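Right, one structure below, let's go through it.
To find a chain, count down the sequence lines: A is the first, B the second, and so on, and within it residues start at 1. If you're wondering where the values come from, they're calculated on a predicted model, not measured in any experiment.
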Number of protein chains: 2
Amino acid sequence: MYEVLRNFLTRQIDVSDADLDIFFSRLKLKKAKRNEILLEAGSVCRHMYFVNKGCLRVYLKDINGRESTRFLIPDGRFGTAFPSFILQEPSPASIQALESSEVFYLTYPDFRQLFDLLPQWEKIYLQSLERDYIMSIKRIESLITMDAKERYALLMKNEPGLIQRLPSKIIADYLGISQETLSRLKSKI
Amino acid sequence: MYEVLRNFLTRQIDVSDADLDIFFSRLKLKKAKRNEILLEAGSVCRHMYFVNKGCLRVYLKDINGRESTRFLIPDGRFGTAFPSFILQEPSPASIQALESSEVFYLTYPDFRQLFDLLPQWEKIYLQSLERDYIMSIKRIESLITMDAKERYALLMKNEPGLIQRLPSKIIADYLGISQETLSRLKSKI
DNA sequence: TTGATTTATTGACATTTATCAACTTTCTTC
DNA sequence: GAAGAAAGTTGATAAATGTCAATAAATCAA
C-alpha cells in the first residue's frame with residue numbers, strides 16, 4: 001500500500017522500517033474523484049498531500065474566472081498549497097484532483113509533531129523542500145527567459161508523461177499562456 | 001559587526017549567544033566593489049552569502065548576451081546560486097554585487113558541518129528555506145497571472161526601496177520585461 | 001570639471017500572445 | 001450508443017511587449 005511513498009522516503013535518507021511505520025501511522029487516505037476540490041480558495045490549507053495515484057493541481061482563479069495552475073503534483077510527489085499550509089493562513093489557491101486520485105495526507109498538527117516524533121523527518125522534509133525550491137527557481141527562470149514555445153519544449157522534456165496525461169488546457173494554464181496559443185504552437189513543432 | 005545578522009537569526013528562532021558565536025566563527029567577510037562578480041557562470045557555487053550591506057543579484061546571460069535577474073539579495077538576507085550550491089554542480093547563473101557591498105559567507109563544507117555543530121542551525125536554515133520558497137511561489141504566480149504593469153506595481157508595493165536603489169535596467173530584468181517596456185509603464189502610472 | 005561610458009527615454013515598427021467567435025472533436029453520462 | 005458538455009482547433013483581429021534606433025540624461029573616471 002505504501003510502496004510508492006516508501007520508495008520516495010528511502011531514496012535519499014536512511015530510515016528504519018520502525019520509523020517509517022511511525023510516519024505511516026499518521027497518514028490518512030483519501031480517494032478523490034476527477035475534478036473533486038480538496039481545498040477551496042479562501043480557507044486555510046490543513047493538509048500536506050502525498051499523491052499515491054493520480055494527479056493534483058494547485059490553481060488560482062482571478063476575478064474574471066480565469067484559472068492558472070501554480071503547481072502540478074503528479075503521483076509520487078508531496079505537495080500542498082504551501083504558503084497557506086506553512087503559515088496556516090487562508091489560501092488564495094485551490095487544490096483539485098485532475099484525475100481520479102488516491103492521496104495520503106498529513107494534518108498540520110501531525111506534520112509539526114513529526115519533527116519531535118521522528119528524528120529523520122526534519123531531514124526528509126528539508127530535502128524535499130530543497131528539491132521543490134530548486135524546481136521553482138528553474139520555473140521562474142523559464143518564465144523570465146523563455147517564450148511560450150521554449151517553455152513548452154522544456155516541459156515536454158522534463159515531464160513528457162504529464163503532457164500526455166493532462167488536458168492541454170491545464171498545461172496551458174501551467175505555462176502561463178492561453179489554450180489557443182498552446183494549440184497553435186503544438187501544431188508548429 | 002554582526003548586528004544585522006544577529007537580528008535576522010534571532011528573529012524567529014531562539015539561539016544562545018554561545019551558539020551564535022559558533023556560527024559567526026565560521027563566517028568569512030568579503031567586501032565587493034560595485035559590479036564585482038562573486039560567481040562566474042559555469043563554475044560551482046561554493047558560498048552561501050549573507051548580505052550585510054549593499055545588494056547582490058543572481059543573474060543569467062543567454063547566448064545573445066541578454067541578462068535576466070533570477071534573484072535580488074538586498075542587505076539583511078541570505079542568498080546564493082541555490083541549485084548550484086546545494087547540488088555542488090556548475091551554475092548557469094552568475095552572482096554580482098550591484099552596489100559596493102559587504103557580505104559574510106559560509107563555505108559549502110562549513111555549511112554542511114554546521115548541521116552537526118549547531119543544533120539550531122537546521123531550524124534556522126529550514127525556516128529561511130520555507131520563506132524563500134514561499135517568495136518564489138509568489139513570484140511564479142505573479143509571472144503567470146499578471147501583466148508587466150501589475151508585476152511592477154506589486155514589486156513597488158513589496159520592495160519600494162529596491163526600486164529606488166537599483167538601476168531600472170535591473171528591475172526590468174527581474175520582472176522579465178525589457179528596459180523600454182518598464183520605462184514606458186513607469187511614465188503611465 | 002570634462003569627456004566618455006552607461007543608463008533612460010521615446011518613437012516607429014515587428015513579433016508574440018491574447019481575445020473572441022465559429023466550428024470540430026473528444027469525452028461523459030445516462 | 002446518443003445527447004449534451006467540455007475541450008481542442010482555427011481564423012480574424014486586438015493588445016501587449018519586444019526590438020532597433022536616435023537622443024537625452026545620468027554616472028563614472030581621470
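With A:S84 contributing its side chain and A:V44 its backbone, the two residues share no donor-acceptor pair below 3.5 Å. Put simply, the side chain of A:Q164 never gets that close to the backbone of A:G161: no donor and acceptor are under 3.5 Å apart.
Following rounding to the nearest Å, B:E67 (CD) and C:dT6 (P) show an atom-to-atom distance of 13 Å. Across the protein-nucleic acid pair, A:K149 atom NZ and C:dT15 atom C1' stand 13 Å apart, rounded to whole Å. Atom NZ of A:K33 is separated from atom C1' of C:dT28 by 14 Å (rounded to the nearest Å). Residue A:E150 contributes atom CD, which lies 16 Å from atom P of C:dT15 at whole-angstrom precision. B:I171 has its CD1 atom 14 Å from the C1' atom of C:dT7, to the nearest Å. The CD atom of A:Q179 sits 13 Å away from the C1' atom of C:dT19 (whole-angstrom rounding). As rounded to whole Å, 16 Å separates atom C1' of C:dT7 from atom CD of B:E99. For the pair B:I170 CD1 and C:dT7 P, the computed distance is 8 Å after rounding to whole Å.
With 3.5 Å as the limit, one finds a donor-acceptor pair spanning the side chains of B:R131 and B:Q12.
A cation-pi contact, defined as under 6.0 Å to the ring centre and within 45° of the axis, links A:R139 to A:Y174.
On the nucleic acid side, DNA chain D has its first and last nucleotide under 4.0 Å of a heavy atom of chain B at D:dT17 to D:dC28, going 5' to 3'.
Mapping A:A148 and B:E180 onto DNA chain C via the closest heavy atom, the residue that lands nearer the 5' end is B:E180. Projected onto DNA chain D by closest heavy-atom contact, B:D147 and B:R34 fall at different nucleotides, the more 5' of which corresponds to B:D147.
Phosphate contact (OP1/OP2 of C:dT19, side-chain N/O of A:R66, threshold under 4.0 Å): present. For A:T181 and C:dT17, the shortest distance from a side-chain N or O to OP1 or OP2 is not below 4.0 Å.
Using bins of under 30°, 30° to 60° and over 60° for the plane-to-plane angle, the ring pair B:Y125/B:W121 lands in the parallel bin.
Applying the salt bridge (charged side-chain N to carboxylate O under 4.0 Å, His left out) definition to pairs two or more places apart or across chains, those involving residues 49-58 of chain B are B:R57-B:E67, B:R57-B:D173.
The residues B:K30 and B:E36 are annotated as salt-bridged, a charged nitrogen and a carboxylate oxygen being separated by less than 4.0 angstrom.
Nucleic acid contact class of A:S168 (heavy atoms, under 4.0 Å, all strands): sugar-phosphate only.
Nearest nucleotide to the side chain of A:R184, out of C:dT19, C:dA18, C:dT7: C:dT19.
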